[in-house]
Each structure stands twice: as C-alpha cells, then as structure tokens.
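Since the structure comes first, as structure tokens, the remarks are kept for the end.
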Amino acid sequence: MPELPEVETVVRGLSAVLPGREIVAVEVLHKPSVEGSPKKPNCLRGQRVLSVTRRGKFIRVSLASGLGMAVHLRMTGWLGVVPVKEPNALNDAYVRVRFKLDGGAEQLIFRDIRTFGRVWCGPVDGLDKLKSLAKLGPEPLEISDDEFATRLRSHGSRLKALLLNQEFIVGIGNIYADEALFGAALHPLSVSSKISVAKARELHRSIQSVLRSAIEAGGSSIENFRNVKGESGWFQRELLAYGREGEACSRCKGVIQRIVMGQRGTWFCPRCQKKK
DNA sequence: CGAGTCCTGTGT
DNA sequence: ACACAGGACTCG
C-alpha cells in the first residue's frame with residue numbers, strides 16, 4: 001500500500017523518536033515476515049539506533065556495530081511506536097514483529113494484515129546487497145528532468161508500467177503513477193519512446209509535484225495507511241484520477257475512466273490524456 | 001507483455 | 001460468491 005510519500009512519512013516519524021534508543025528484545029510472531037541473515041533478528045538486541053532512512057519504498061534502520069534492518073511494507077505493513085501497557089488499536093493480532101525499546105514503556109511494532117511485508121536483519125552493507133534493494137533505480141526527487149527524460153525515452157514500455165518499475169525509478173506505485181500521468185496529461189498506455197523530450201520533462205515535474213504535495217499531506221490513507229503515531233494522511237482527498245471512475249475530470253469536460261492494466265486498476269481521463 | 005502467486009479483509 | 005486492494009516476484 002505505501003508508496004514513496006507514505007514511506008517517507010513513516011521514516012520521518014521514526015527519525016524523530018528512534019535514534020538513540022536501544023532495542024532490548026525482539027519477538028517474532030510470524031516467522032515468514034522476517035528474512036535475511038541471520039534469520040533471527042535477536043542479533044539486534046542491545047543495539048542502539050543510529051538512523052532511519054528511506055531508499056525507494058524500503059525503510060532502513062541503522063544500528064551501532066554495523067548491524068541494521070531493512071523493512072518493506074508492501075501492501076498493508078505498518079511500523080510504529082506504541083506503549084507496552086496501554087491498549088492500542090494497532091497493537092493487535094496482526095502484529096508480526098515486536099521490538100522492545102529501552103525504558104520498557106514503548107515498543108516498535110511491525111504490523112501487517114496481508115503478510116506481504118518483510119523485515120530483513122543483518123549487517124548494513126549486507127542489506128544494501130539485497131537483490132531488490134541493490135537493483136533500485138534513481139530517486140525521482142533527486143534526478144533532473146533531463147536525466148529522467150533521457151531514461152524514459154530510451155525504453156519502449158507503456159508509461160504506467162515504466163513508472164511502476166522500481167528499476168526504472170523508485171517509489172512510485174499505483175496511486176502516484178496515475179496522478180503523475182494525469183498531471184502531465186499523458187495516457188497510461190502511451191509508449192515511452194514516442195514521448196517528446198518536453199513532454200517527458202513535464203512528466204518528471206508532475207511526478208515531483210505530486211510526490212512533494214503528498215509528503216506534505218502525510219501521505220494518502222485510502223484504507224490502511226497510518227503514520228507512526230497511527231494517524232491518517234489526507235492526500236487521498238487531493239487525488240484527481242485514482243479511484244475517481246465516473247467522476248468529472250477536473251481539467252476538461254471528460255469523465256474519469258477505469259481500465260485494468262497488468263492486473264492493476266488504472267484511472268485516467270480519456271479526453272485530455274490522449275494516447276501517443 | 002500477461003497471468004498467477006503470496007495473504008487477509010472489505011464491499012457488492 | 002466474486003471482485004478488488006498503496007507491491008513485487010516468478011513463470012511462460
């Protein structure tokens with residue numbers, strides 16, 4: 001579920017509370033949620049958190065002694081800090097891993113309804129070599145319009161498929177792909193090699209604009225997404241295409257249409273997003 | 001490329 | 001009962 005803005009929201013939230021804290025105990029409640037070497041994240045016990053960073057949709061927690069963990073929330077994962085004693089709506093049967101923190105009053109929990117999410121534990125440099133993490137493409141908020149345009153036009157894929165491909169560019173998922181294409185008035189099925197340089201640059205600006213606005217809004221909470229305190233984001237109210245089938249286009253007299261591509265719902269305005 | 005897979009929940 | 005859900009891998 002979470003894309004770059006949601007993951008960034010989680011990383012910022014954790015960065016405010018985790019660095020300096022020590023993990024005093026790790027409890028794995030659902031074994032498949034944890035991967036990597038060593039498979040038992042008990043190696044993280046007694047380690048102080050140095051930093052929490054984001055790479056694409058991965059969250060990396062660096063600990064003292066060169067150890068750390070990488071977390072991918074996939075569709076329904078959640079990382080947050082909750083009290084050990086008081087009841088909390090997000091501290092329920094879907095908690096897959098618990099990290100008790102020093103002081104004994106709080107714990108970091110990894111909650112995941114559908115169990116697609118993963119936690120990898122081990123040496124930090126080993127985590128960076130994780131197959132999917134090592135192959136990631138550039139960060140959309142860091143590369144230039146020109147660099148993006150060149151990369152885009154060198155592929156012959158449909159635009160939406162390319163935006164969802166984490167080796168092409170990281171962090172964009174189903175919501176922000178549709179929103180970015182809508183913003184640049186590009187058809188999701190247009191072939192990337194046929195896009196003009198000017199239009200490709202415009203798409204990159206649209207991507208950056210929607211990602212930045214969504215980060216400002218604390219992400220989009222359609223169903224499950226919550227920040228580390230359990231609060232919703234509000235960017236779902238700003239969405240112009242995603243999930244708006246049958247509604248009036250906000251730019252022209254068209255009506256938002258839903259199609260399926262690559263098993264994913266895809267929303268766009270067939271009137272102002274013409275195929276190239 | 002598309003289709004199937006991993007899961008559990010929600011809405012029609 | 002069936003479609004669908006912020007992801008990503010593997011298979012033809």
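Excluded from the calculations below are hydrogen atoms, water molecules and symmetry mates; all remaining heavy atoms, backbone and side chain alike, are included. None of the values given here were measured: they were computed from a predicted structure. First the proteins, then the strands, lettered A, B, ... as listed; each starts at 1.
With hydrogens and angles left out, the side-chain atoms of A/T76 and A/N224 include no donor and acceptor closer than 3.5 Å.
Rounded to whole Å, the distance from CG on A/L133 to C1' on C/dC9 is 16 Å. A/L73 places its CG atom 10 Å from the P atom of C/dA8, with the value rounded to the nearest Å. In this structure, CG of A/L189 is placed 13 Å from C1' of B/dG2, rounded to the nearest angstrom. Going from atom NZ of A/K160 over to atom P of B/dC1 covers 14 Å, rounded to whole Å. Atoms CG (A/D112) and P (B/dC6) sit 16 Å apart, rounded to a whole Å. Between the C1' atom of B/dT8 and the CZ atom of A/R74 lies a distance of 16 Å, rounded to the nearest Å. The CD-P distance, from A/E245 to B/dG11, rounds to 18 Å in whole Å. Between the CD1 atom of A/I169 and the P atom of C/dA8 there is a distance of 14 Å, given to the nearest Å.
Residue A/T115 is in sugar-phosphate contact alone, with no base atom involved, counting any heavy-atom pair closer than 4.0 Å across all strands shown. Among the protein residues, A/R258 comes within range of the sugar-phosphate backbone only, with heavy atoms under 4.0 Å from sugar or phosphate atoms but none that close to a base. Heavy atoms of A/I222 sit under 4.0 angstrom from at least one base atom. Within the nucleic acid shown, A/N224 comes within 4.0 Å of at least one base atom, counting heavy atoms only. Nucleic acid contact for A/T76: none, since no nucleic acid atom lies under 4.0 Å from a heavy atom of the residue. Across all strands shown, A/Y176 has no heavy atoms under 4.0 Å from either base or sugar-phosphate atoms.
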Only pairs under 3.5 Å count here: list side-chain donor-acceptor contacts from residues 248-255 of chain A, not counting sequence neighbours, and write none if there are none.
{"residue": "A/R251", "atom": "NH1", "partner": "A/F182", "partner atom": "O", "Å": "2.8"}
{"residue": "A/R251", "atom": "NH2", "partner": "A/F182", "partner atom": "O", "Å": "2.7"}

Identify each donor-acceptor pair in which a side-chain atom of residues 64-73 of chain A lies under 3.5 Å from a protein atom, sequence neighbours left out, and give them as a table.
{"residue": "A/S65", "atom": "OG", "partner": "A/Q47", "partner atom": "OE1", "Å": "2.8"}
{"residue": "A/H72", "atom": "ND1", "partner": "A/R74", "partner atom": "N", "Å": "3.0"}

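Here A/F116 does not count as stacked on C/dA8, because the ring centres are not under 5.5 angstrom apart with planes under 30°.
With B/dC7, B/dG4, C/dC9 as the choices, the nucleotide that has an atom nearest any side-chain atom of A/S132 turns out to be C/dC9. Comparing B/dC6, B/dG4, C/dA5 by their closest approach to the side chain of A/Q263 singles out B/dG4. Closest to the side chain of A/I113, from the set B/dC1, B/dT8, C/dG7, is B/dT8.
Rounded to whole Å, the separation between the P atoms of C/dC2 and B/dG4 comes to 15 Å.
Regarding contacts with the backbone of C/dA8, a side-chain N or O of A/Q166 is found under 4.0 angstrom from either OP1 or OP2. For the OP1/OP2 pair of C/dG7 and a distance below 4.0 Å, the side-chain nitrogens and oxygens of A/H72 include no atom meeting the criterion.
If you find the closest nucleotide of DNA chain C to A/L164 and to A/R114, the one lying nearer the 5' end belongs to A/R114. In terms of position on DNA chain B, the residue among A/R158 and A/E223 whose nearest nucleotide sits closer to the 5' end is A/R158.
Residues A/K31 and A/R96 fail the side-chain proximity criterion, which asks for heavy atoms closer than 4.5 Å. Between A/F268 and A/I256, the closest side-chain pair of non-hydrogen atoms is not below 4.5 Å.
For the strand DNA chain C, secondary-structure stems (runs of at least three Watson-Crick or G-U pairs, all distances below 3.5 Å) span B:1-6 with C:7-12, B:8-12 with C:1-5.
In this structure, A/S15 and A/V52 approach most closely via the heavy-atom pair OG-O, 3.2 Å.
Residue A/I222 is grouped with residue A/L211 when hydrophobic side chains (ILVMFWY) are merged at heavy-atom distances under 4.5 angstrom, including chains of intermediate members.
Note that CG of A/L29 is 13.0 Å distant from CZ of A/R111, once rounded to the nearest 0.5 Å.
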